[in-house]
Amino acid sequence: MNLILLGPPGAGKGTQSARIVTVYNLVQISTGDILRAEVKSSTELGKIAKSLMDDGKLVPDNLIIDMISGHIEKEAGSSGFILDGFPRTEEQAKALDVMLLEKNLKIDYVIKLEVDEKALIERVVGRFSCGDCGQGYHDKFAPTKLTNICDVCGSKNLVRRADDNVESMTARLVAYREQTEPILPYYEKKGALTIVNGMKTPEEVFEQIEVVMS
Ligand code: AMP
């Protein structure tokens, strides 16, 4: 089973992907995570991507399409994958269709997490995670039990994304509205799109996703 999770930054794509991965035994392919790893390793792609990501702008389509192709190829034999953060433009959506056709794969569900835009900035600006085990937290909604110590692994290495600030987030929302939202009708026309209310608790959002995938 393969699916695409769509929605603005802060909609909960990463949180829901983590749950889907565990319950449905799928692999998460997050273009944001892959790019952050490229930045960390200072690869050629990472060097190009860094300032665009910090500014909340999209990385050029050709670079993203080349990057994702290998990841999809690698996961083609697995029990399925979740695309998180891809496609983000019409060109990427069309390139994905070509890739899937070539690899004899198909997308079973396209799920859009719908979230009130006002909630997004607060969600994103307050979030942080454990740099060691990856557990996610939020200053207001999900703080650590002990100040600056991960509840799960006890690490003090708590990290925030460089682009989780008001300025970058404002630009990321513009990019979402202008470049990503226009691909929704593309999937709607194919009859593949389901909209899920992302304003509920993570558990309730996941329950809605389970209904879609049943
Ligand atoms: P995310 O972790 O999905 O919020 O992505 C973080 C940043 O990585 C975005 O703001 C973009 O700069 C870049 N990025 C991630 N996925 C894509 C994509 N599919 N196309 C272009 N840029 C992307």
Side-chain angles (χ1 to χ4, degrees), residues 2-18 20-21 27-73 75 81-100 107 110-113 115 117 119-131 134 136-138 159-184 186-187 198:
N2 301 316
L3 65 140
I4 299 175
L5 270 190
L6 289 174
K13 300 187 295 295
T15 304
Q16 294 303 325
S17 290
I20 300 168
V21 162
V27 180
Q28 177 191 13
I29 305 178
S30 156
T31 42
D33 285 349
I34 299 167
L35 287 168
R36 278 183 286 280
E38 298 276 343
V39 170
K40 205 168 172 191
S41 310
S42 290
T43 62
E44 282 310 307
L45 172 59
K47 284 180 200 156
I48 298 168
K50 185 174 179 352
S51 59
L52 292 165
M53 292 170 79
D54 287 349
D55 290 345
K57 294 185 179 141
L58 294 187
V59 174
D61 285 330
N62 61 326
L63 299 179
I64 294 289
I65 292 163
D66 285 352
M67 178 186 93
I68 194 103
S69 170
H71 286 268
I72 292 181
E73 183 90 59
E75 303 308 342
F81 53 77
I82 309 166
L83 293 177
D84 161 8
F86 177 88
R88 250 175 161 102
T89 65
E90 220 166 309
E91 194 170 331
Q92 292 180 17
K94 288 187 178 144
L96 173 63
D97 279 349
V98 174
M99 265 180 243
L100 293 170
I107 296 293
V110 180
I111 298 175
K112 189 214 167 190
L113 301 179
V115 178
E117 217 177 82
L120 294 173
I121 294 193
E122 189 181 25
R123 276 191 185 192
V124 162
V125 172
R127 72 185 179 183
F128 59 99
S129 64
C130 175
Y137 296 98
H138 189 280
V159 291
R160 286 176 198 264
R161 277 173 48 172
D163 58 350
D164 277 351
N165 56 69
V166 178
E167 244 179 30
S168 301
M169 181 55 184
T170 307
R172 286 157 69 194
L173 285 173
V174 170
Y176 176 76
R177 245 180 269 126
E178 290 180 355
Q179 290 164 279
T180 308
E181 242 171 22
I183 69 175
L184 293 174
Y186 184 72
Y187 289 112

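Each residue takes its place number in the sequence, starting with 1. Just so you know, ligand 1 is whichever comes first in the structure, and atom 1 is the first atom listed for that ligand.
Closest to atom 4 (O) of ligand 1, if we only count protein heavy atoms, is Arg161 NH2, 3.0 Å. Protein heavy atom in closest approach to atom 7 (C) of ligand 1: Met53 CE, 3.9 Å. Among protein heavy atoms, atom 22 (N) of ligand 1 sits closest to Val59 N, 3.0 Å.
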task = For the pair Asp33 and Arg36, evaluate salt bridge (charged side-chain N to carboxylate O under 4.0 Å, His left out) and give the outcome as yes or no after the intermediate values.
result = CA-CA 5 Å; Asp33 285 349; Arg36 278 183 286 280; 2.8 Å; yes

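The pair Lys47-Glu44 meets the salt-bridge criterion, since a charged nitrogen lies less than 4.0 angstrom from a carboxylate oxygen. A salt bridge does not link Lys57 to Asp163: none of the charged nitrogens lies less than 4.0 Å from a carboxylate oxygen.
Within the listing of ligand 1, atoms 15 (C), 16 (N), 17 (C), 19 (N) sit less than 4.0 angstrom from a heavy atom of Thr31. Below 4.0 Å from some heavy atom of Arg172 lie the following atoms of ligand 1, by number and element: 4 (O), 10 (O). Using a 4.0 Å cut-off to heavy atoms of Leu35, the atoms of ligand 1 that qualify are 8 (O), 13 (C), 14 (N), 15 (C), 23 (C). Applying the 4.0 Å criterion to heavy atoms of Lys57 picks out, from ligand 1, the atoms 11 (C), 12 (O).
Dense packing is recorded around CD of Glu181, with more than 12 heavy atoms of other residues, nucleotides or ligands lying under 6.0 Å away.
The option from Arg88, Lys50, Met67 that lies nearest to atom 5 (O) of ligand 1, judged by heavy atoms, is Arg88.
At a 3.5 angstrom cut-off on N or O pairs, Gln92 counts as close to ligand 1. Any N or O atom pair closer than 3.5 Å counts here, and Asp163 shares no such pair with ligand 1. Checked by distance only, ligand 1 and Gly56 stay at 3.5 Å or farther apart across all their nitrogen or oxygen atoms.
Taking OG1 of Thr180 as the reference point, atom CZ of Arg172 lies at 11.5 Å (rounded to 0.5 Å). Going from atom OG1 of Thr89 over to atom CD1 of Ile183 covers 7.0 Å, rounded to the nearest 0.5 Å.
Each of Ile20, Ile4, Ile82, Leu5 was evaluated against Ile111; a single residue qualifies, Leu5, per the side-chain contact (heavy atoms from CB on, under 4.5 Å) test.
A side-chain donor-acceptor contact under 3.5 Å links Glu38 and Thr43.
Contact annotation: Arg36 has at least one heavy atom less than 4.0 Å from an atom of ligand 1.
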